[in-house]
Amino acid sequence: MTFATLFASVVALLPAAALAQTTFSVQVGPNGTLTYDPPFITANAGDLVRFTFNPKNHTVTQSSFDAPCVPLAGGATSGFHFISNVSGLLDTWEFAIPASSTPFWFHCEQTQPVSHCGKGMVFAINAPADPDPHSFDAFQKLAMQLNGTGDSTSQSASAPPSSSWATATATITHDGSTWTSVYTSYDGTPSPTYSPDGPVNHVIKVGADGLNYTPSNISAAIGDTVTFEFHPKNHTVTQSSFLQPCKALAETSTTGQVGFKSGFKFVDANETNFPTFQITINDTAPIWGYCGQTGHCQSGMVFSINAVEAGKNNFAAFKALAMAGAPSSNSPSGSNSAGAPNPSTGAAVANNRLSYAIVLGAVGAVAALL
Ligand SMILES: *[C@@H]1O[C@H](CO)[C@@H](O)[C@H](O)[C@H]1NC(C)=O
Ligand SMILES: *[C@@H]1O[C@H](CO)[C@@H](O)[C@H](O)[C@H]1NC(C)=O
Ligand SMILES: *[C@@H]1O[C@H](CO)[C@@H](O)[C@H](O)[C@H]1NC(C)=O
Ligand SMILES: *[C@@H]1O[C@H](CO)[C@@H](O)[C@H](O)[C@H]1NC(C)=O
Ligand SMILES: *[C@@H]1O[C@H](CO)[C@@H](O)[C@H](O)[C@H]1NC(C)=O
Ligand SMILES: *[C@@H]1O[C@H](CO)[C@@H](O)[C@H](O)[C@H]1NC(C)=O
Ligand SMILES: *[C@@H]1O[C@H](CO)[C@@H](O)[C@H](O)[C@H]1NC(C)=O
Ligand SMILES: *[C@@H]1O[C@H](CO)[C@@H](O)[C@H](O)[C@H]1NC(C)=O
């Protein structure tokens, strides 16, 4: 067979191949992320793309390469799909690829509380590969450039946004039994699933590396524990809030939250048996905290657990706020006390723990406010 006839027979086969319709599955905002998974596909005319909407409130909206975050006039859109919780029931929307080989560009129109598109939540069909200037990466970069928030650290330090909290309910059914768990959630936080191999203990060293918690910003799943290990000389682990990094939560909460406090732990310079303080992660809400020793918080000795790094209220913004001279606690944070983040979660937290094995087998369920 010559090249010419080989070419001819391949071309002859093409229309038949195009008739075999393929359905592509794309997850919208899986695991609370501001992403489409996969972020781009290569498809033929007549193929279907089935978008599955995960919890939160997203769209799949056609745009153009040059204006990634602006709906294309006459383009396709799913409209907003608010998914309050999972239970196996996720919305879907389908896009049939028209008879055309040109690229198709999409974005999420949500702008509350941050522009999802500006965070890189874009999708493409048949985008040319890198290094083409119209590649998917180039499209995503342009979205983040045009609709991104830029350096959120400096903006947040002067005018931090307030948090939008929600109490969400997840219903988990397994072996004929149904559990209802209530937990606090927050936009962008992880799904309230347990660590796949059982609870994990995260260790944070206090003051082992200067006036720092190491590591200072961690992610932890529900059921995990965080053990703070106190190094010399005299530090605390005190829960605070994003807006008031250096004040005990008990002093600033308007909803009666008490927050945890280790009290001062004085550790001798030659001590090798470091005292510890442990907390249990009950929900996916971000946890903020600081050292109550005079001046330590203001020098940046703060930590976060499950901060939403994709949003404005990220750890860097929290730390910047602490160092910007946020007022510190008036009363010493030396007493030993601990409290659930939200009084109404107490009973449900127990449910969450009991249903540990059940949650493992269930789809992660979360309701998050926007
Ligand atoms: C979502 O979480 C599941 C389970 O942890 C993981 O297998 C999957 O890769 C995650 N997907 C994304 C897009 O992060
Ligand atoms: C979803 O987001 C849109 C745009 O921000 C908003 O108008 C709509 O009310 C939201 N839906 C729900 C149920 O929160
Ligand atoms: C992106 O920015 C443009 C121009 O300011 C605006 O019209 C559009 O609504 C924004 N889109 C998103 C999703 O942020
Ligand atoms: C979660 O979904 C169930 C039905 O699947 C519904 O009855 C319940 O009200 C939902 N919870 C929230 C907080 O939306
Ligand atoms: C630790 O620091 C606190 C607050 O500054 C102080 O009251 C306490 O006496 C210190 N403990 C020791 C053993 O120095
Ligand atoms: C630490 O060293 C000092 C003197 O160097 C000693 O007096 C003290 O007992 C030591 N403490 C511990 C816990 O070993
Ligand atoms: C958050 O933690 C990561 C990983 O430990 C670290 O690389 C990063 O610098 C931390 N962010 C800030 C603002 O300290
Ligand atoms: C988790 O719940 C327990 C029991 O209600 C409480 O003692 C603990 O302080 C909570 N953990 C956090 C981090 O608030």
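All ligand and atom numbering here is 1-based and tracks the order in the structure. The first residue of the sequence shown is numbered 1, and numbering continues consecutively from there.
- If you look at His81 and His58, their ring centroids are not closer than 6.0 Å.
- At a distance under 4.0 Å, no protein heavy atom can be found next to atom 7 (O) of ligand 5.
- Aromatic rings from Phe303 and Tyr290 are positioned such that their centres are separated by 6.0 Å or more.
- What sits closest to atom 13 (C) of ligand 5 on the protein, heavy atoms only, is Phe266 CG, 3.3 Å.
- Residue-ligand proximity, Asn57 to ligand 2, at heavy-atom distances under 4.0 Å covers atoms 1 (C), 2 (O), 3 (C), 8 (C), 10 (C), 11 (N), 12 (C), 14 (O).
- The closest protein non-hydrogen atom to atom 9 (O) of ligand 5 is Asn234 ND2, 4.8 Å.
- Ranked by closest heavy atom to atom 12 (C) of ligand 8, the top entry among Asn282, Ile279, Ile305 is Asn282.
- A donor and an acceptor atom, one from each side chain of Glu229 and Thr276, are nowhere located under 3.5 Å apart.
- Under the 3.5 Å distance criterion, with hydrogens and angles disregarded, no donor-acceptor pair is assigned to the side chains of Thr42 and Asn126.
- Of the residues listed (Phe95, Phe40, Trp93, Tyr36), the one engaging Phe106 in a ring pair (Phe, Tyr, Trp, His ring centres under 6.0 Å) is Phe95, and it is the only one.
- Near Thr280, meaning under 4.0 Å from one of its heavy atoms, ligand 8 places the atoms 1 (C), 11 (N), 12 (C), 13 (C).
- Heavy atoms of Glu109 found under 4.0 angstrom from ligand 2: none, in either backbone or side chain.
- Counting heavy atoms from C-beta on, the side chains of Gln278 and Phe228 never come closer than 4.5 Å.
- Between Gln293 and ligand 5, a contact under 3.5 Å exists for at least one N or O pair.
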